[in-house]
Structures are given as structure tokens and as C-alpha cells.
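This report refers to the structure that appears directly beneath it.
Numbers here are sequence positions counted from 1.
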Amino acid sequence: MAKRLSLMLIRNILYLPYVFINLLRYAVSETISEEKKYKLIRLIGTRGCHKGNVAVHGYGIENLPADSGYLMYPNHQGLFDVMGLVYLNPTPFGVVIKKEAYNIFLLRKLIQTMGGLFMDREDPKQGLQVINEMAKQVKEGRNFLIFPEGTRSKNGNRLGEFKSGSFKAATKAKCPIVPIAIIDSYLPFDTNSIQKVDVQIHILPPILYEEYQGMKTSEIAAMVKERIEKVIAENEHNFDNGN
């Protein structure tokens, strides 16, 4: 991670003061609009990708619901995942991330600027509070991203277990579920290289509440995982990436 992150920072050196100052201000502001905050986040994501030798190939953007108030469920490959999705998605969204990230100053400010939530995976009670808060905000018209694996798979394009608890937010909010298949997103930050890499992000057709109403969360998790695995299997060799 250190090499590519350093490359991104060096090539964006003239923007760093502007970004840093505004990030500190936006993270704690309750008056700056979500759209304005997300514009800054997208600037960071876009310049990071362009200057960091990462080509993000997005597919299915048209599958994102026209109306806000939906939940995105991507597989989780690496530290680049959120940046890639920010680069691709023009609509503001929050993200649920593990509480350990709170201790990393800049990462904390980024998540706070996005209106994200920090989850303690070891505390079921706090985790349920986060799920309830996310569902509440989605009902109010916000969009959120949560990784159903809970942590990085650390196994390339192979998926880990999809935890059913993450889908409780969708059943509570009765909102569209947007499955997202991420391919080769572990390469930018989880390998010690600054060579150009291609990352694929496939946004699948949303699953409307009417389609999963009455299903157990374990059944929803299995359905979403199956759809993502199918897309990954069909597309993971689209780019060489040195393989």
C-alpha cells in the first residue's frame, strides 16, 4: 500500500493543502450539504485513481436506482474498494466500516465527511445499533454501502462468507438491494507495486423489496453472493494485470 499511496500523494502534492483543510472542516460540519461534501470525496477518489495508475472500469451504472434510499452490497477485496466505488458512483453515499478505522486520523475524517458509521464487529449490541441507524437513514433517503463479508476476503477474487446480519438493514428499510461485483480491487493497495492495474466494478440490477420480502436474511445473503460470484467468474480474466 505504501508505494502506491505515496505515488498518489506526490502526484497530487499541489492539491493536498486544499483537500486537507476542507476535509477537516467538512468532517465536523452540520451545515455543509451532503452533495458538497461528496464532491470533495469524489475529487480525492478521482485524482487518487488517475495519479495512482489505477484504471477503474465501471459497468452497469444505469442499474443504480434513480431515487436515493438504497443499500449497496459489494464483495470486499481490499483497501481500494471504497475509493473505486466513490470514483464510479456520482450519487452521495455513506459507508459502514469497522471501528478500528476510527483510530486512523485521515481515514476517520474521510468516513465522517461521507456520513459513514463505525461498527464494532465484536459487540453485537453496538452492531445492531449501527444496522438500525443505517436503516433509519436509508428510509430517510440516504444511500449506504456495507460489506456483507465484514472484512477483506484476502483471497483475491474469491469471496468469503456473506454474513446475514448485514442484510437486516435492508429488510428494516424495505429498500432496493444493489449487489456489486468487484474484481482485482486488492491489487492497488494490497500489493507492493505502482504498476498500472485495472479494477472492475460491476453494478448488478437492484433487488427490489418485493423480490426478497419474506425471505430469511440468510437466504438473501446467499442470493446476493451467488449473483456476485457469477459475474466475477464471467469477467475476472477481462484484463491481464500481469497474470
Side-chain angles (χ1 to χ4, degrees), residues 1-2 5 23-24 27-28 41 45 70-86 92-140 142-175 177-182 185-191 207 212 215-229 232:
M1 177 180 180
L5 182 60
L23 194 61
L24 296 183
V28 297
I41 294 296
Y70 56 83
L71 278 165
M72 296 178 286
Y73 287 89
N75 57 305
H76 195 10
Q77 289 196 349
L79 298 172
F80 181 79
D81 294 345
V82 175
M83 180 181 285
L85 286 160
V86 163
F93 65 89
V95 60
V96 175
I97 197 165
K98 60 184 180 181
K99 71 161 189 175
E100 289 82 357
Y102 190 87
N103 298 321
I104 304 173
F105 180 76
L106 282 178
L107 185 54
R108 177 169 78 243
K109 294 303 177 184
L110 285 165
I111 299 303
Q112 289 174 333
T113 299
M114 293 180 71
L117 301 170
F118 296 89
M119 177 181 284
D120 185 350
R121 294 175 297 177
E122 306 301 321
D123 185 345
K125 183 178 179 180
Q126 191 271 349
L128 181 58
Q129 290 174 344
V130 170
I131 291 294
N132 289 337
E133 177 60 27
M134 179 169 54
K136 173 179 174 290
Q137 292 191 31
V138 170
K139 282 183 179 180
E140 294 170 351
R142 292 199 71 215
N143 307 314
F144 259 92
L145 178 153
I146 183 169
F147 294 106
E149 289 163 288
T151 188
R152 288 176 287 160
S153 66
K154 298 181 181 179
N155 194 23
N157 291 317
R158 306 282 74 80
L159 274 59
E161 175 192 359
F162 274 32
K163 296 175 173 56
S164 61
S166 64
F167 291 91
K168 289 181 180 178
T171 59
K172 289 176 180 290
K174 299 180 180 180
C175 67
I177 289 173
V178 182
I180 299 177
I182 297 178
S185 186
Y186 64 94
L187 293 172
F189 287 154
D190 291 40
T191 57
I207 305 169
Y212 66 85
M215 294 176 62
K216 296 178 181 178
T217 52
S218 59
E219 295 172 333
I220 301 171
M223 175 176 62
V224 172
K225 181 180 181 182
E226 181 180 0
R227 295 187 185 190
I228 291 175
E229 282 183 321
I232 290 176

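A donor-acceptor distance shorter than 3.5 angstrom exists from the side chain of Tyr212 to the backbone of Ala170, with no hydrogens or angles considered.
The environment of CD in Glu226 is sparse: at most 12 heavy-atom neighbours from other residues, nucleotides or ligands sit within 6.0 Å. Within 6.0 Å of atom CD in Glu122, 12 or fewer heavy atoms from other residues, nucleotides or ligands are found, so the atom counts as exposed in its surroundings. Counting non-hydrogen atoms of other residues, nucleotides and ligands closer than 6.0 Å to NZ of Lys99 gives a total of 12 or fewer.
The shortest heavy-atom contact between Met119 and Val130 is CE-CG1, 3.7 Å. The minimum heavy-atom distance between Pro188 and Ser185, with the atom names listed, is CD-O, 3.2 Å. The nearest pair of heavy atoms linking Gly116 to Phe144 is CA-CE2, 4.4 Å. Shortest non-hydrogen contact noted between Leu71 and Cys175 is CD1-SG, 3.7 Å. The nearest pair of heavy atoms linking Leu107 to Ala101 is CD2-CB, 3.5 Å. The two residues Ile111 and Leu117 come nearest to each other via the heavy atoms CG2-N, 4.3 Å.
Interatomic distance, Gln77 CD to Arg158 CZ, rounded to the nearest 0.5 Å: 9.0 Å. With rounding to the nearest 0.5 angstrom, the CE atom of Met83 is 9.5 Å from the CD1 atom of Ile41. Taking CD of Glu161 as the start and OG1 of Thr151 as the end, the distance is 12.5 Å to the nearest 0.5 Å. Taking CZ from Phe80 and CG from Leu5, the interatomic distance works out to 12.0 Å, rounded to the nearest 0.5 Å. Residue Glu229 holds its CD atom at 5.0 Å from CG of Leu159, rounded to the nearest 0.5 Å. Put simply, CE on Met223 and CD1 on Ile207 are 4.0 Å apart, with the number rounded to the nearest 0.5 Å.
Between Tyr186 and Asn157 there is a side-chain heavy-atom pair separated by less than 4.5 Å. The shortest distance between side-chain heavy atoms of Arg227 and Val224 does not fall below 4.5 Å. Taking the side chain as every heavy atom from C-beta outward, Phe118 and Asn103 never approach each other to under 4.5 Å. The shortest side-chain heavy-atom distance between Leu145 and Asp81 does not fall under the 4.5 Å cut-off. Pro74 has its side chain within reach of Leu85: a pair of non-hydrogen atoms, C-beta onward, lies under 4.5 Å apart.
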Assess the residue pair Met72 and Val95 against the criterion (side-chain contact (heavy atoms from CB on, under 4.5 Å)); give the C-alpha distance rounded to whole Å, side-chain angles, the decisive distance to 0.1 Å, and a yes or no. CA-CA 9 Å; Met72 296 178 286; Val95 60; over 6 Å; no
Test side-chain contact (heavy atoms from CB on, under 4.5 Å) on Ile177 and Tyr70; report intermediate values, then the result. CA-CA 6 Å; Ile177 289 173; Tyr70 56 83; over 6 Å; no
Please walk me through it: do Tyr102 and Asp120 pass side-chain contact (heavy atoms from CB on, under 4.5 Å)? CA-CA 11 Å; Tyr102 190 87; Asp120 185 350; over 6 Å; no
Candidate pair Asn75 and Glu149, rule side chain to side chain donor-acceptor pair (under 3.5 Å), full reasoning: CA-CA 7 Å; Asn75 57 305; Glu149 289 163 288; 5.2 Å; no
Might you work through the side-chain contact (heavy atoms from CB on, under 4.5 Å) test for Ile228 and Tyr73, ending with a clear yes or no? CA-CA 10 Å; Ile228 291 175; Tyr73 287 89; 5.6 Å; no
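Under a 4.0 Å N-O distance rule, the pair Arg152/Asp190 qualifies as a salt bridge.
Screening residues 162-174 for side chain to side chain donor-acceptor pair (under 3.5 Å), with sequence neighbours left out, gives Asn132-Lys172.
Taking the six-membered ring where tryptophan is involved, the planes of His76 and Phe147 are essentially parallel, since the angle between them stays under 30° and well short of 60°.
Taking Gln137 as the reference, Glu133, Arg142 meet the side chain to side chain donor-acceptor pair (under 3.5 Å) condition, with sequence neighbours excluded.
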